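From a predicted model like this one, the values you see are computed outputs, not experimental measurements. Just so it is clear: chains get the letters A, B, ... in the order the sequence lines come, proteins before strands, and each one is counted from 1.
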Protein chains: 2
Amino acid sequence: MNIGEAARGSGVSEKMIRHYEAIGLLAPARQANGYRRYAAADVAVLRFIRHARDLAFPLEEVRRLLALWQDRGRASAEVRGIALAHVAALEEKAASLAAMAASLRHLASHCHGDGRPECPILDGLEGKHDDHPAC
Amino acid sequence: MNIGEAARGSGVSEKMIRHYEAIGLLAPARQANGYRRYAAADVAVLRFIRHARDLAFPLEEVRRLLALWQDRGRASAEVRGIALAHVAALEEKAASLAAMAASLRHLASHCHGDGRPECPILDGLEGKHDDHPAC
DNA sequence: TGTGGGGTCTCCCACTATGGGAAGGTCAAG
DNA sequence: CTTGACCTTCCCATAGTGGGAGACCCCACA
């Protein structure tokens, strides 16, 4: 099948399919006219990549997971190690974002939000209350 | 003061100070020799930017906040609107990352993580259990 | 036979935000 | 006058995705 059908079958855009090929994640065959030809196995690889990306694995980790996936004799311990490290990274980033949200929400909670110019949010960004960070 | 002192005084790297100038967030004076000269007000602007960036405001929103900050007659309602929209965006992203972490952790919890090749994590990425997504 | 339209090819550029590094000018202290 | 710290501009890189241009390829339809 051609790239369009592979895209529809995998849920990966044509652009990204070409990109993944360019960085060596897959190597589809070529037809006489230069078109890429995708076998069912290629589409499976694309789906694997998409699922890994849906979990926000960086492409370099996708590459490692893909290699392990295609290695019949791999030890599941290695996969698990990658996965748990990524879980930790995700949780850390989520916590960091949640902390920012909480801190900004706290600032906003002190802001009247009316037509007047007084604004504790801007004061906070300015650093006015650096001496009273807790409140 | 020169850029180095402004950097130390604001916590913003020289590189980024020049970048912020290039995109029009501040406009320091120039000395005869071509060096940038920063007044205390410029450093205050840089600190404001840094605090906004610490809360992950995109630079385009920093620009709007900066304009409001420097506008004596602004309505705090507009600031509050920007801030709360950003809080919502942060919380949404945090929730999304937390969901990914939970889902990957769930996969990993079924993985022995020993020397054997069986690996539910890779199976999940492959999409093997698309018919039993709940478990 | 010609034409239109849809698919595909390769390139280049854009985005966000940050940093590295090169090649060169400036200035103060020794 | 040299040395070293500081400053300048300019180019490149990162990660992942998309947009678009200009050029083929192929098939159907008139």
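- Screening residues 32-44 of chain A for side chain to side chain donor-acceptor pair (under 3.5 Å), with sequence neighbours left out, gives A/Glu21-A/Arg36.
- Nucleic acid contact for A/Arg36: sugar-phosphate only, since backbone atoms but no base atoms lie under 4.0 Å from a heavy atom of the residue.
- With sequence neighbours excluded, the residues satisfying salt bridge (Lys or Arg N to Asp or Glu O under 4.0 Å) with A/Arg18 are A/Glu14.
- Residues passing the salt bridge (Lys or Arg N to Asp or Glu O under 4.0 Å) test with B/Arg50 are B/Asp54, sequence neighbours excluded.
- B/Cys119 contributes atom SG, which lies 10.5 Å from atom CD of A/Glu78 (distance to the nearest 0.5 angstrom).
- Take A/Phe48 and apply the ring-ring contact (aromatic ring centres under 6.0 Å, His included) test, not counting sequence neighbours, and it matches A/Trp69.
- Contacts of A/Arg30 with the nucleic acid, taken as non-hydrogen atoms under 4.0 Å apart, involve only primed sugar atoms and P, OP1 or OP2.
- The salt bridge (Lys or Arg N to Asp or Glu O under 4.0 Å) check on B/Arg116 picks up B/Asp114, with sequence neighbours excluded.
- Within the model, atoms CZ of A/Arg8 and CD1 of A/Ile3 stand 11.0 Å from one another, a figure rounded to the nearest 0.5 Å.
- Contacts with DNA chain D (heavy atom under 4.0 Å) in residues 81-96 of chain A: none are found.
- The shortest side-chain heavy-atom distance between B/Gln70 and B/Val45 falls under the 4.5 Å cut-off.
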Atom pairs and distances, side-chain donor-acceptor, residues 88-103 of chain A, under 3.5 Å, sequence neighbours left out:
unit_1  : atom_1 : unit_2   : atom_2 : d
A/Glu91 : OE1    : B/Arg105 : NH2    : 3.0
A/Glu91 : OE2    : B/Arg105 : NE     : 3.2
A/Glu91 : OE2    : B/Arg105 : NH2    : 3.1

With sugar-phosphate taken as primed atoms, P, OP1 and OP2 and all else as base, the protein-contact string of nucleotides 17-30 of chain C at under 4.0 Å (heavy atoms; B, S, -) is SBSBB---BBS---

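- Close approach of DNA chain D to chain B, defined as any atom under 4.0 Å from a non-hydrogen atom of the protein, starts and stops at D/dC6 to D/dC10.
- To the nearest 0.5 Å, atom CD of residue A/Glu118 and atom CG of residue A/Asp123 are 9.0 Å apart.
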Run the side-chain donor-acceptor check on residues 58-68 of chain A: report pairs under 3.5 Å with partners two or more places apart or on a different chain.
unit_1  : atom_1 : unit_2  : atom_2 : d
A/Glu60 : OE1    : A/Arg63 : NE     : 3.0
A/Glu60 : OE2    : A/Arg63 : NH2    : 3.0
A/Arg63 : NH1    : A/Ile23 : O      : 3.0
A/Arg63 : NH2    : A/Ile23 : O      : 3.1

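- Looking at residues two or more places apart in sequence or on another chain, you find no salt bridge (Lys or Arg N to Asp or Glu O under 4.0 Å) involving A/Asp71.
- A 4.5 Å side-chain heavy-atom check between A/Phe57 and B/Leu104 finds at least one atom pair inside the cut-off.
- End-to-end axis angle of the helix from C/dT1-D/dA30 to C/dG30-D/dC1, using five pairs per end and rounding to 10°, comes to 40°.
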